[in-house]
Amino acid sequence: MSEVRTRFAPSPTGYLHLGGARTALFNYLFARHHNGQFVLRIEDTDRERSTAESIQAILDAMVWLKLDWDEGPYYQSQRVAFYLEHAERLLASGHAYRCYCTQEELEAKREQALRAGRKPMYDRTCRQRNEQPGGRPYAVRFKTPVDGVTVVEDLVKGHVAFENCELDDLIIVRSDGSPTYNLCVVVDDAMMRITHVIRGDDHLTNTPKQILMYRALDYPLPAFAHLPQILGPDRTRLSKRHGATSVLAYREMGYLPDALVNYLARLGWSHGDQEIFTREELIEKFSLDHVGKSAGIYNAEKLEWVNFHYMKTTPPPELARAVKPFIAARGYDLPGDDSWLAKMVATLQERAKTLVELVELGRFYLIDTVEIPPDLVHKHFKREILPALERLRELFATVDPWCPEAIQRAFERVMSEFHLGLGKIAQPVRIAVTGGTVSPGIFEVLDVLGQARTLRRFDSALTLARQLVALEATGTT
RNA sequence: GGUCCCAUCGUCUAGCGGUUAGGACGCCGGCCUCUCACGUCGGUAACAGGGGUUCGAAUCCCCUUGGGACCA
């Protein structure tokens, strides 16, 4: 029984985007599900476009999503010798040949073929060349069978057949001595003993060529699974104009990694009607035969909903830990007391879709003094209820211990003494302590805010209210 | 241009010959209510089109259309 080995092989030419993250996730889940190994390989043979920052960004994103790998990262740039060695092997065994055609010659042939209405394939001039012109640069081409059919038994797409005559004699080593993509992947996947190649379906048409190379090199064939693409709402490739595509951008926007993982898992894969999966459930339930064949469209609202779900269900202490960087980023002082922060978070977590939003909603908890808008005071601190509010202020001063239940009792006492509904007095208090009309439940807000800050802010509002009432009185007489 | 892939509500999807075509997001409405939310109840909305196969097709086959990918 051979062990399952999967790999994720991004090229570091940009950030890890959602599609790549999902490919990584499926490889990770498949490996974990089968108690196998998950290998990370950086395909940085394109030295022009590969950057160190990009490599770092990909690794950071993988770590953030907790897609931990067992081996690697391997770097293709350090494995060039292996590729060339394999090209030599193919040359020696007659599965490849040297092609001396120049760029110009190829270009001309292509044009000619196109004009004649033929496919722009290499005409295989050098395939039957007998003597090797020494000293001239050459590329190495793979000798593709001229007839027969190569079949990809894809775990997602099913049985896909390609006529060999439609395949070109592809270049495996360029005339400058650099190996090409198809050679590198085959050599790496074979040497790394990858059993399941799970990748985007943009590679499906490369697969028959690769299969032919596996055979020529006498390596066992891995299983292939080609995942459908993730598209933008306009059904084109996901790009910046569809919003954020970089995984790390979601971290900055205040999304939880588990939420993104959950969303990505459900985009293209399903397990009955279930929408929410813990990491363990994903590992337990993931299988390739429930991966859909059709492209999926990225839906920001759904992601937001999934994130919201995780916001609501994450234990407050944990969420408090996650929100700290966002408090700092906003420029607020970080509360020293972790349990207080957890309490604060608990009042907001079912109101905020992201960590960023949570900090925005909790602003009044984090700043020293709130600015109380006079127009709101004017509207909610009507002269008729002022006495009730003064009385409430009086009772607040005596509440001991300061807890939601005791605070509620103070409210209820005023309500019965003045025959007022809670709405009448809760809203003025809310405005006084938060500076706005929207907040979590008033008892818990006051509780978290603490007695001293409550009294201070309430006093300021009452002072302002008295001034406004006095002003009004002189104005009307 | 050639080859290949794909096609169920707007979106993610369940379905794998017999269902009032189910769920979720979104949207709309009711309830709950100290504001906003949460929650809860209900509603809206789909088998791309056309041929076959079959007693019976969303499901199997073919064509068309429409998307997408790869090779250049």
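All values below were derived from every heavy atom in this structure, side-chain atoms included, with hydrogens, water molecules and symmetry-related copies excluded. Here is how names work: the chains are called A, B, and so on, in the same order as the sequence lines, proteins then strands, and each is numbered from 1.
Across the C1' atoms, rC25(B) and rA46(B) are found 15 Å apart, a figure rounded to whole Å. The gap from the P atom of rC47(B) to that of rC36(B) amounts to 39 Å, rounded to the nearest Å. Of the C1' atoms belonging to rA45(B) and rG10(B), the separation is 9 Å, rounded to the nearest Å. The same atom, C1', is picked in rC12(B) and in rA7(B); the two are 15 Å apart, to the nearest Å. Using P as the reference atom, rG26(B) and rG39(B) are 10 Å apart when rounded to the nearest Å. If you take atom C1' in rC5(B) and the same atom in rC9(B), they sit 24 Å apart, rounded to whole Å. Spacing of C1' atoms, rU33(B) relative to rU40(B), comes out at 13 Å, to the nearest Å. As rounded to the nearest Å, rG49(B) and rU54(B) have P atoms that lie 23 Å from one another.
For the pair R127(A) and R141(A), the minimum side-chain heavy-atom distance is 4.5 Å or more.
Under the Watson-Crick and G-U wobble criteria, each requiring two contacts below 3.5 Å, nucleotide rC31(B) is paired to rG39(B).
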Counting only pairs under 3.5 Å, give me each side-chain donor-acceptor contact of residues 376-393 of chain A, with atom names and distances, residues two or more places apart or in other chains.
{"unit_1": "E390(A)", "atom_1": "OE1", "unit_2": "R466(A)", "atom_2": "NH2", "d": "3.0"}
{"unit_1": "E390(A)", "atom_1": "OE2", "unit_2": "R466(A)", "atom_2": "NE", "d": "3.0"}
{"unit_1": "R391(A)", "atom_1": "NE", "unit_2": "E417(A)", "atom_2": "OE1", "d": "2.9"}
{"unit_1": "R391(A)", "atom_1": "NH1", "unit_2": "E394(A)", "atom_2": "OE2", "d": "3.0"}
{"unit_1": "R391(A)", "atom_1": "NH2", "unit_2": "E417(A)", "atom_2": "OE2", "d": "3.1"}
{"unit_1": "R393(A)", "atom_1": "NE", "unit_2": "D459(A)", "atom_2": "OD1", "d": "2.5"}
{"unit_1": "R393(A)", "atom_1": "NE", "unit_2": "D459(A)", "atom_2": "OD2", "d": "3.3"}
{"unit_1": "R393(A)", "atom_1": "NH2", "unit_2": "D459(A)", "atom_2": "OD2", "d": "3.0"}

Compile the donor-acceptor pairs under 3.5 Å between side chains in residues 435-443 of chain A and protein atoms, sequence neighbours left out, one pair per line.
{"unit_1": "S439(A)", "atom_1": "OG", "unit_2": "R430(A)", "atom_2": "NE", "d": "2.8"}

Could you pull out every donor-acceptor pair under 3.5 Å between side chains of residues 18-30 of chain A and any protein atom, sequence neighbours left out?
{"unit_1": "R22(A)", "atom_1": "NH1", "unit_2": "L267(A)", "atom_2": "O", "d": "2.6"}
{"unit_1": "R22(A)", "atom_1": "NH2", "unit_2": "P228(A)", "atom_2": "O", "d": "2.4"}
{"unit_1": "T23(A)", "atom_1": "OG1", "unit_2": "G19(A)", "atom_2": "O", "d": "3.1"}
{"unit_1": "N27(A)", "atom_1": "ND2", "unit_2": "R7(A)", "atom_2": "O", "d": "3.3"}
{"unit_1": "N27(A)", "atom_1": "ND2", "unit_2": "T23(A)", "atom_2": "O", "d": "2.9"}
{"unit_1": "N27(A)", "atom_1": "ND2", "unit_2": "I198(A)", "atom_2": "O", "d": "2.9"}

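Rounded to a whole Å, the CG atom of D201(A) is 13 Å from the P atom of rC71(B). Atom CD1 of I230(A) is separated from atom P of rC5(B) by 22 Å (rounded to the nearest Å).
Within residues 154-167 of chain A, the residues approached by RNA chain B to less than 4.0 Å at the level of any non-hydrogen atom are K157(A), V160(A), A161(A), F162(A), E166(A), in residue-number order. Annotation: proximity of residues 397-434 of chain A to RNA chain B (heavy atom, distance under 4.0 Å) is found for L422(A), G423(A), A426(A), Q427(A), R430(A), numbered in ascending order. For RNA chain B, no neighbouring residue in residues 367-375 of chain A is found when judged by any heavy atom under 4.0 Å. RNA chain B lies under 4.0 Å from no heavy atom of any residue of residues 15-30 of chain A. For residues 440-449 of chain A, proximity to RNA chain B is found at P440(A), G441(A), I442(A), F443(A), defined as any non-hydrogen atom under 4.0 angstrom from a strand atom.
By the salt bridge (Lys or Arg N to Asp or Glu O under 4.0 Å) test, K353(A) is found to be paired with no residue, residues two or more places apart in sequence or in another chain being considered. Taking K312(A) as the reference, nothing meets the salt bridge (Lys or Arg N to Asp or Glu O under 4.0 Å) condition, with sequence neighbours excluded.
The base of rC36(B) lies close enough to the side chain of R351(A) for a donor and an acceptor atom to sit less than 3.5 Å apart.
Across all strands shown, S270(A) has heavy atoms under 4.0 Å from sugar-phosphate atoms exclusively, and none from any base. Residue T437(A) is in base contact, counting any heavy-atom pair closer than 4.0 Å across all strands shown. Residue-level contact check: F308(A) touches the backbone only, with heavy atoms under 4.0 Å from sugar-phosphate atoms and none from bases. Residue G436(A) is out of contact with every strand shown, counting any heavy-atom pair closer than 4.0 Å.
For rC34(B), the glycosidic angle deviates from 0 by more than 90°, giving an anti base.
Taking a cutoff of 4.0 Å between a charged side-chain nitrogen and a carboxylate oxygen, D169(A) and K143(A) do not qualify as a salt bridge.
In this structure, W269(A) and F286(A) have tilted ring planes: the angle between them lies in the 30° to 60° band. Under the 30°/60° scheme for interplanar angles, the aromatic rings of Y250(A) and Y298(A) are found to stand perpendicular.
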Q: Heavy atoms under 4.0 Å is the rule here; annotate nucleotides 59-67 of chain B 5' to 3' with B where the base is hit, S where only the sugar-phosphate is, and - elsewhere.
A: --------S

Q) How does protein reach along nucleotides 22-32 of chain B, written 5' to 3' as B (base within reach of a heavy atom under 4.0 Å), S (only sugar-phosphate), or - (no contact)? A) BBBS-------

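Distances from the side chain of I297(A) to the nucleotides rU35(B), rU3(B), rU11(B) place rU11(B) closest.
Separation of the F396(A) and F411(A) ring centroids falls under the 6.0 Å cut-off.
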Q: Mind running side chain to side chain donor-acceptor pair (under 3.5 Å) on E284(A) and H33(A) for me, showing each step along the way?
A: CA-CA 6 Å; E284(A) 182 200 328; H33(A) 177 86; over 6 Å; no

